[in-house]
Structures are given as structure tokens and as C-alpha cells.
Amino acid sequence: MRIHFRQIALAAAVLLSFSVAADAADEKKKVEKKPPSECAGLDNSACTAMAQCSWYKEITMKNGKKRKAHCQKKSTRFKKKTA
């Protein structure tokens, strides 16, 4: 069985392209994280005192897992513009 130079070159090119793609994927994962919002970690009274925060009470979801009570920043995505 003879292995031709073209087959070796093709195999090397394929391996090289996979390694380059893997390096590019690693670079995408290294994105800096955003700092936590000003609402993160607040208790119920402190959360409700801030206008930009909402308090979510503890619930049990359909799959049986519990979501702990927490404070979260309100969404600003859908606020109406006033003229």
C-alpha cells in the first residue's frame, strides 16, 4: 500500500484546520464577565427599597427544583419612551 504525498498533505491540512478552529473557540470563551448588578445579594427590605430592583420569592418549579428567593435588577429593554 502506497501513501501518496497528496494524501499526507491533505491529512496535515485537515489536522491543522481543526487545531486552528479549536484555538478560535478557546478565545471566544475568554470573554470578560460583567460585574454583578447593584441588586445582587440584597435582602428583601433593601431590594424593595431600590426602584431598579425586584424581589423574587422562593418557588418550586415543575421539575421539582427550588429557586431560592433573590433580588434582581429590573429589565430596561422594554420600557416605553416618553415624548
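Numbers here are sequence positions counted from 1.
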Practice prompt. Applying side chain to side chain contact (heavy atoms under 4.5 Å, CB included), name anything that partners Lys62, two or more places apart in sequence or on another chain.
Written response: none

Item to complete: Taking side chain to side chain contact (heavy atoms under 4.5 Å, CB included) as the test, write out the residues that go with Lys65, two or more places apart.
Response: Met61, Asn63

Worksheet item: Please, which pairs that meet salt bridge (charged side-chain N to carboxylate O under 4.0 Å, His left out) have at least one residue in residues 46-57, sequence neighbours excluded?
Response: none

Pairs under 3.5 angstrom only: tabulate donor-acceptor contacts from the side chains of residues 38-54 to other protein residues two or more places apart or in another chain.
| from | atom 1 | to | atom 2 | distance (Å) |
| --- | --- | --- | --- | --- |
| Asp43 | OD1 | Ala46 | N | 3.3 |
| Asp43 | OD2 | Ser45 | OG | 3.4 |
| Thr48 | OG1 | Asn44 | O | 3.0 |
| Thr48 | OG1 | Ser45 | O | 3.2 |

Worksheet item: Taking side chain as C-beta onward, heavy atoms only, is Gln72 less than 4.5 Å from Trp55?
Response: no

